[in-house]
S.K.: 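Structure in structure tokens, see below.
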Amino acid sequence: MYNTNNIFAKILRKEIPCDKIYEDKFSLAFKDINPQAKIHVLVIPKGSYIDMNDFAANATTEEIEGLIRALGKVANILGVSTSGYRYLGNNGKDGGQEVPHLHFHIFGGEKLGKMIHK
Ligand code: 5GP
């Protein structure tokens, strides 16, 4: 069950502020509060989806397209489309997901390290 009190739901409701990078009908992108790279931005759907399992099963085609297109737009806005970047989604317990609202991380602005740290 989706928890409407998670921090990203509060950001979407504008109950807490964010450093917005991009917004459209389906998605919102904002800077991560605790950046792990020179550029670290989160891209989230506006719909209430817990994780990729939920999104893949229940989102509309428009919502899925909207989120994927937003990822590309945000990379362009951040100026990393050519230099390269990493997009990453932590999913569930083993994936280390802390906030139970689907989100992609975009990292860039520098050479990134190994793909997986254990
Ligand atoms: P997860 O581990 O769930 O994939 O990542 C959650 C991310 O959300 C973390 O990188 C964390 O720094 C970020 N985060 C947590 N609370 C806030 C917040 O209130 N504002 C912003 N902008 N980012 C947050």
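One-based numbering, in listed order, for ligands and for the atoms of each. Hydrogens, waters and symmetry mates are skipped; everything else that's a heavy atom, side chains included, is used.
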S.K.: Give a yes-or-no answer on whether the side chains of N6 and Y2 include a donor-acceptor pair shorter than 3.5 Å.
M.R.: yes
S.K.: Mind checking whether H105 and F107 have parallel, tilted or perpendicular rings, split at 30° and 60°?
M.R.: parallel
S.K.: Pairs in or reaching into residues 23-37: which pass salt bridge (Lys or Arg N to Asp or Glu O under 4.0 Å), with residues at least two apart or in two chains?
M.R.: D19-K31, K20-E23, E23-K46
S.K.: Tabulating one pair per line, provide the atom names and distances (0.1 Å) for every N/O atom of ligand 1 that is less than 3.5 Å from a protein N/O atom.
M.R.:
residue	atom	partner	partner atom	Å
ligand 1	2 (O)	G96	O	3.2
ligand 1	2 (O)	E98	N	3.4
ligand 1	3 (O)	E98	N	2.6
ligand 1	3 (O)	V99	N	2.9
ligand 1	3 (O)	H103	NE2	3.0
ligand 1	4 (O)	N90	ND2	2.8
ligand 1	4 (O)	H103	NE2	2.7
ligand 1	4 (O)	H105	NE2	2.8
ligand 1	5 (O)	H103	NE2	3.3
ligand 1	5 (O)	H105	NE2	3.4
ligand 1	10 (O)	D32	OD1	3.3
ligand 1	10 (O)	D32	OD2	2.5
ligand 1	12 (O)	D32	OD1	2.5
ligand 1	22 (N)	K31	O	2.9
ligand 1	22 (N)	I33	N	3.4
ligand 1	23 (N)	I33	N	3.3

S.K.: Just distance, no hydrogens or angles: give the donor-acceptor pairs under 3.5 Å from side chains in residues 7-17, sequence neighbours left out.
M.R.:
residue	atom	partner	partner atom	Å
R13	NE	E15	OE2	2.6
R13	NH1	T4	O	2.9
R13	NH2	T4	O	3.0
R13	NH2	E15	OE1	3.3

S.K.: For residues 75-84, pull every pair meeting side-chain hydrogen bond (donor to acceptor under 3.5 Å, both in side chains), keeping only residues two or more places apart or in separate chains.
M.R.: N76-S81
S.K.: So which heavy atom on Y22 is nearest to which on S27, and how close?
M.R.: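 Scanning both residues completely, I find the closest heavy atoms to be CE2-OG, 3.9 Å.
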